[in-house]
Amino acid sequence: MPFFNTQIKFASDIVAANISILVILIAAVIYISLAKKWKMTWSLIRTMDHRKIGILYIAWGFIFFLRAGLDAMLMRTQLAFPNFHFWVFQGDKYDQVMTTHGTLMIFFVAMPFLIGLMNIAVPLQIGARDIAFPFFNSLSMWLFVIGGLLINMSFVMGGAPSTGWTSYVPLAVDKDIVGNGTAFYDMGVQVSGIGTIMTSINMITTILKHRAPGMGFMKIPLFTWSALITSILILFAFPVLSAALLILLFDNQFGTQIFSGEHGNPVLWQHLFWAFGHPEVYIVILPAFGVFSQVISTFASKRIFGYSSMVLSMLVIGFLSFMVWIHHMFTVGLGAFANVVFAITSMLIAVPTGIKIFNWLFTIRGGSVRFTTAMLYSLAFIPSFVIGGVTGVMQAVVPADYQYHDSYFVVAHLHYVMVGGTVFGAFSGFYYWWPKMFGYILNDKIGKWQAWTFIIGFHMTFLPMHLSGLQGMPRRTFTYLPEDGLFQFNFISTMGAYLMAISVLLFIWNVFYSYQKKSRRGVADPWDGRTMEWAVSSPSSHMRWPYLPVVRDLENLWYAKEHGNGTLPFSKKEEKRIVVEKPTIIPLLLSGGFFTISFGLIFAVPLITITGFAGTLLLMAWRSITYERSFDLYTSEQLEEAIRREEA
């Protein structure tokens, strides 16, 4: 079927995808109607509450997680047997699911999971009433959603991107190969990246300017420290990616030759992408480090060992993360000097990471450990991440990297870091902060089944990939020969992937089961918490501090428990002007403008692009005109009464 400047081919996989989307949308409408949730839905899409925005980040991230997981299952099924032909997923179709899997998992799963947890926990941990700029916070979230939808729509609208999540040139500018796929990738990641940059500015401002009285830098909880350092990395790294994507857009849509052609240089794309790409690894792992620090300290019933060294190590990791990107390019031919310098910095970054591992182990040592589901994920992370770190140092050895490069050894390393670090951290954070999000606790028995199946499935999937990579299995290939001796490794990996899929279904079941059986007793502080988020109601009310808490210790709530009745001391200052931003639909409409602009650029329809620009500018103008009417003002007494009504 012709569709603007492309052709949509209704093959069996496209038809199945369209039917699935239609069924899901109809089911969602029916559920919302039968459960009479339309008013709640309207309230949710207009919210300025950082907790609800964090929940939306996580919910959309989980939807994209299911899609990316489905892509992984399709790839693993295709690779289960030599010379296998599963459905249509060979050749270009395999490249498409491989690309969307990687792109979604990096940009639209790992990022929203951790940014969602940051939204929920950081303001509570530092005694802030909300994020510094609630409007920006909502707009950032909807821009992320629009970017994710663009990537997902590409599959049923002319072809998904098929050049890998790194979108290497010259493949990414070859019209015969990519069609509109690269344009979907370009605009989807670009729009989402703009939202991510706005989030980083928001988080930095919140942490630096909205801390409670008495909270100096060395009294900031480690999760908040990780959020601050991550936000600084985003602020420096994502503009590099945005510039690279803008140049790629010009090469593809307007015929410039910066990355390609007679005068272009495809290695320039690699430099720009990896100057972003390696800090991105730490952007999605540092918040997970913060989660593990909070969880291990809480469930070991001990103050974190070596707090100062933990903070310093995160700062050093953040600094060094910008000095290692060329280890992704050792085989490009940049010369011995460049390779040696970046090999050394790549090895150095293992030192502060190793310090953190020992700090967590010493925190556990001698503690009264409670093996909750969140703690299981934290404990499983330590050996898993050590394996990922060791294989990373192996690749920092330049002659060895020539052998590992573009083999499944690299795939194994990447997943041990990203899944064994980021996804383990996200699940640990979900189980830990779930009462603060929703007001009930996830069932621990089902949670442990879910954790063990996921952890065992993870190692079954990715540990054999080290061996298949050493046996010579190349990345990004959809088949192999029986005589290659790779069947056993691939079959075990596929079985592990299916076990991980079962684990994800168990998590979904746990959410529904726990919701039906929920009890609100003891959910304000179910873990005997140590930081200030456990001093407020669960779920936490919006603007929950009528009088700001006074911070006396790093673990302020634990200090209050040990030296008093467990109640935080509050400032006695009566505030006359507490600003609360009103709910508004404008962030969603603005993101719709970005969607329209992107759609017009992807399909080269100037009228649609111009319409999107005009609509976006008009909405921005309307926001400026109505800015003074966007807030409610409270005194401390009025806010206290409003919170009491909300919690009742």
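Basis for what follows: all heavy atoms, side chains included, without hydrogens, waters or symmetry-related copies.
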Using a distance-only test with no angle check, is there a side-chain donor-acceptor pair under 3.5 angstrom linking [X] and [Y]?
{"X": "Asn202", "Y": "Ser140", "answer": "no"}
{"X": "Asn565", "Y": "Thr567", "answer": "yes"}
{"X": "Gln450", "Y": "Tyr377", "answer": "yes"}
{"X": "Glu574", "Y": "Tyr547", "answer": "yes"}
{"X": "Tyr432", "Y": "Ser378", "answer": "no"}
{"X": "Trp433", "Y": "Glu533", "answer": "yes"}

Glu640 atom CD, neighbour heavy-atom count above 12 within 6.0 Å: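 Atom CD in Glu640 is crowded, with more than 12 foreign heavy atoms closer than 6.0 Å.
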
Please state whether the rings of [X] and [Y] are parallel, tilted or perpendicular, taking 30° and 60° as the class boundaries.
{"X": "Phe305", "Y": "Phe362", "result": "tilted"}
{"X": "Phe438", "Y": "Trp434", "result": "tilted"}
{"X": "Phe507", "Y": "Phe430", "result": "tilted"}

Test: Arg370 and Asp528 ion pair at under 4.0 Å: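 No.
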
Option among His542, His210, Arg51 that satisfies the side-chain hydrogen bond (donor to acceptor under 3.5 Å, both in side chains) test with Asp130: His542

Worked verdict on Lys436 versus Ser538 for side-chain hydrogen bond (donor to acceptor under 3.5 Å, both in side chains): CA-CA 5 Å; Lys436 204 53 58 183; Ser538 296; 2.7 Å; yes

Salt bridge (Lys or Arg N to Asp or Glu O under 4.0 Å) between Arg623 and Glu581, intermediate numbers included: CA-CA 13 Å; Arg623 165 70 178 173; Glu581 186 135 11; 2.8 Å; yes

Residues Phe292, Phe289; criterion ring-ring contact (aromatic ring centres under 6.0 Å, His included); working and verdict: CA-CA 5 Å; Phe292 297 130; Phe289 287 173; 7.3 Å; no

Phe424 ring center near Phe458 ring center (under 6.0 Å): yes

